[in-house]
Amino acid sequence: MTMMAIQWYPGHMAKAKREVTEQLKKVDVVFELVDARIPYSSRNPMIDDVIKQKPRVVILNKKDMTNLKEMSKWEHYFVEQGFYPVAVDAKHGKNLKGVEAAAIEATKDKFAKEQAKGLKPRAIRAMIVGIPNVGKSTLINKLARKNIAQTGNKPGVTKQQQWIKVGKVLQLLDTPGILWPKFEDELVGKKLSLTGAIKDSIVHLDDVAIFGLNFLIQHDIETLRQHYHISVEEDAAILEWFDAIGRRRGLLQKGNEVDYEAVIELLINDLRNAKMGTYCFDLYSEMKRDIAHENND
Ligand code: G4P
């Protein structure tokens with residue numbers, strides 16, 4: 001199921017935060033789900049404030065769509081933060097075992113203490129938290145397999161939250177906590193749009209396409225040229241690239257003019273669906289200084 005675009009107002013944000021905070025009391029570990037193409041930009045801006053000291057597994061989902069070398073830098077970053085990162089591809093059910101293993105690691109100390117106090121062994125309880133479209137429902141469904149409880153859609157049947165059994169030791173809350181994405185930063189907005197995290201028009205699509213095109217020119221220009229069968233110079237103006245792609249693909253309007261809207265749509269779709277290659281748009285080396293600043297504020 002795909003989330004409808006949600007407009008986030010301060011009241012909604014406060015309510016979402018309150019709800020997640022309430023659910024957190026029931027769990028031993030939080031699964032913070034992010035998009036592996038933008039492991040930092042797809043985080044909720046107040047996530048540390050919400051999760052606080054609770055053990056945390058950061059699940060980098062959509063691993064099949066990212067650049068693994070760049071992604072691994074973010075895994076290191078998350079380890080430095082004291083979290084337990086694990087990369088998965090929920091859609092194709094890849095590395096789901098890794099989620100269980102990370103949950104065990106993240107709660108090791110807590111359970112050792114419980115055991116020392118003489119408490120009986122029990123299941124690890126977890127919940128998923130993340131912004132819309134990072135793959136929360138997909139992951140829950142995959143982890144649940146046949147264990148998911150059928151609640152039915154009958155009126156009057158209140159849907160109770162349920163614990164889903166995952167593997168031998170893990171229990172997962174069947175409803176994820178949904179938090180808002182970052183809005184303030186324009187670059188983050190472009191990345192969220194480019195990965196399909198936000199599909200409405202908060203960000204201008206021409207800016208999104210230009211960002212994507214510039215990324216390709218800088219990081220994978222040969223693939224870009226081959227994909228569209230064009231041979232534009234590296235330092236050419238962006239409009240030249242648009243023109244070349246539009247003419248090659250026959251995206252023309254009356255009077256043989258290039259239909260820029262169609263080119264923009266094509267570029268965004270090709271990037272969103274990883275038609276050219278798999279990219280990680282959050283570049284650790286470029287972002288680490290800003291991140292250090294944010295954390296010192
Ligand atoms: P949400 O609950 O966090 O809002 O996200 P949801 O599970 O609805 O997933 C959003 C989109 O991301 C869905 O695609 C889903 O199939 C896709 N997705 C989730 N995990 C992965 C993954 O690991 N790899 C890839 N490649 N895609 C993933 P959609 O196009 O919106 O829907 P559909 O066409 O799959 O039905």
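The first residue in the sequence is number 1, and the count goes up from there. In each ligand, atom 1 is the first atom listed, and ligand 1 is the first ligand listed.
- Residue Asp89 touches ligand 1 through backbone and side chain together, judged by heavy-atom distances below 4.0 Å.
- Checked against a 3.5 angstrom limit, the closest N/O atoms of His92 and ligand 1 fall outside it.
- Classification of the His12-Trp8 ring pair by plane angle, with boundaries at 30° and 60°, yields perpendicular.
- At under 3.5 Å, a nitrogen or oxygen of Gly135, whether backbone or side chain, sits near a nitrogen or oxygen of ligand 1.
- Remark: among candidates Ala36, Pro176, Ser42, Ala90, the nearest residue to atom 23 (O) of ligand 1 is Ala90, based on non-hydrogen atoms.
- Side chain of Thr107 to backbone of Asp28: no donor-acceptor contact under 3.5 angstrom is found.
- Looking at Val88 next to ligand 1, no N or O pair under 3.5 Å apart turns up.
- Among residues at least two apart or in separate chains, there is no side-chain hydrogen bond (donor to acceptor under 3.5 Å, both in side chains) pair with a member in residues 74-84.
- Under the 3.5 Å distance criterion, the side-chain polar atoms of Arg37 are matched with a main-chain donor or acceptor of Arg272.
- Atoms of ligand 1 found under 4.0 Å from any heavy atom of Lys136, numbered from 1 in the order shown, are 1 (P), 2 (O), 3 (O), 4 (O), 5 (O), 7 (O).
- A donor-acceptor pair shorter than 3.5 Å cannot be found between the side chains of Asp207 and His204.
- In summary, the side chains of Tyr260 and Asp243 do present a donor paired with an acceptor at a separation below 3.5 Å, with no hydrogens or angles considered.
- Backbone and side-chain nitrogen or oxygen atoms of Met65 are examined, and none is located within less than 3.5 angstrom of a nitrogen or oxygen of ligand 1.
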